[in-house]
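Residues: numbered from 1 along the sequence shown. In listed order, ligands and their atoms are each counted from 1.
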Amino acid sequence: MTPKKLFQKQMTTPMPKAQETLLEIDLKALKHNFEHLKSKLQQNTKFLAVVKAFAYGSDANNVAHYLQDLNADYFAVAYVNEGIALRKSGITKPILVLHPQAINFKILIKNSLEPSLYNAKILNEFITIASAEKQNNYPIHIKFNTGLNRLGFLENDVDYISSKLRATKAVKVASIFSHLAASEDLNENEFTLNQIASFKSISKNVIKAIDYKPMLHMCNTSGILNYPEAHFDMVRSGIGLYGFGNSEKENKNLKPIATLKTIISQIHTIEKNESVGYNRAFKSNGVLKTATLPVGHADGIGRQYGNGNGFVTIHGKLAPIIGNVCMDMIMVNITNIDCNEGDEVIIFNQTNTAENLAHKANTISYELITAISQRVKRVYKK
Ligand SMILES: *Cc1c(COP(=O)(O)O)cnc(C)c1O
């Protein structure tokens, strides 16, 4: 089967009742989020969909195809192998690779992927390989560090960059970009405004030095929502597409696209002084009922969710995880829930969100959703 046919087949599969652990992807919610975020943009601002890490733990190929059909302008992944997978599945829109390594530059070019270049070493390595591969005006993206201190050239590298660019015909700057450090945190408003001002000044200098105008972009999801003055020519959204806006207010306008569900494999009655799970981490001081579920840390529910921190819902009622999370299983307390072996269990959905669950383990939605491992079967709701 061609990737396109495979995609269509998966898309038309009717929604199964959970009989095993499933990650259900709601494509209508994805469309809603895409359209909501687009509605925040000026008409000519381009939309780059960030589909790194399997589209934040959902499924990069199907999500990217769906967004390509909705006319997303650009895609971004973190690494070259993620971009190759998208090309193999038939994605034809430009793909920015945010953090490529030089060892993969030849294959990056072969797959028409566009590198982010962030320091002298990687810029020179790319120019050398693009020249050796007889490239002409190969699109590259120059990244500037305006305060995140993660990747990027500094403002006083502009002369160096432009001298390198003037000396070659192998590459051409498709965009100049930077990344905000705290776009979701309005207490850091002043810092963010300084990043934006610094990016404006840097891009002005670059444009003057290279004498043409590449695209400019800076905003992630929270930047789109909080800093309309920084949308420039394109915005880059990840988490918003998947349904989280990093604030209660913004979450209301977005819909989580992923539901993680499973079933009850077995119910146990635990007597007083018995223990549950490895290391006897839970000890009972009364009679209780537990359910064992076929999902564990190898599926992405980390050990930090164990011992009463995380919970699932069964027939709408909360069931805390008790004892340690195992590799393939968790045990939950169902003492006050009327339920049977085989019943459906929700780990997160649009009501009991991944963000809520993540907060119980002192982390963020990004970490929980991207952790859902490839072992969990993905199904699509249209
Ligand atoms: C991951 C990433 C994004 C997407 O950020 P969200 O907060 O998920 O919208 C944008 N830009 C860069 C450089 C990134 O690494």
Mode of [X] contact toward ligand 1 - side chain, backbone, both, neither (heavy atoms, under 4.0 Å):
X	value
Thr221	both
Asn246	neither
His99	neither
His217	neither

Point to revise | Polar proximity ligand 1 side, Phe177 side, N/O cut 3.5 Å exclusive | key: no
Practice item. Flag Tyr366 as yes when one of its N or O atoms lies below 3.5 Å from any N or O atom of ligand 1, and as no otherwise. Key: yes
Identify, by atom number and element, the atoms of ligand 1 in contact range of [X], meaning under 4.0 Å from any of its heavy atoms.
X	value
Arg150	15 (O)
Tyr56	1 (C), 4 (C), 5 (O), 6 (P), 8 (O)
Lys52	1 (C), 2 (C), 3 (C), 14 (C), 15 (O)
Lys143	13 (C)
Ile239	6 (P), 7 (O), 8 (O), 9 (O)

Practice item. Give a yes or no on whether Tyr160 atom OH has more than 12 heavy-atom contacts from other residues, nucleotides or ligands under 6.0 Å away. Key: yes
Review point. Has the side chain of Asn309 got a donor or acceptor atom that lies under 3.5 Å from a matching backbone atom of Ala361?
Key: no
Testing the 3.5 Å rule here: is there a donor-acceptor pair between the side chains of [X] and [Y]?
X	Y	answer
Thr290	His268	no
Gln195	Ser178	no
Asn205	Glu155	yes
Glu133	Tyr138	no
Asp59	Tyr66	no
Asn189	Tyr227	yes

How close does the nearest protein non-hydrogen atom get to [atom], and which residue and atom is it?
atom	value
atom 11 (N) of ligand 1	Arg236 NE, 2.9 Å
atom 12 (C) of ligand 1	His179 CE1, 3.4 Å
atom 5 (O) of ligand 1	Asn220 CB, 3.4 Å

Review point. Just one of Lys377, Arg375, Lys261 clears the salt bridge (charged side-chain N to carboxylate O under 4.0 Å, His left out) bar with Asp299, so which one?
Key: Arg375
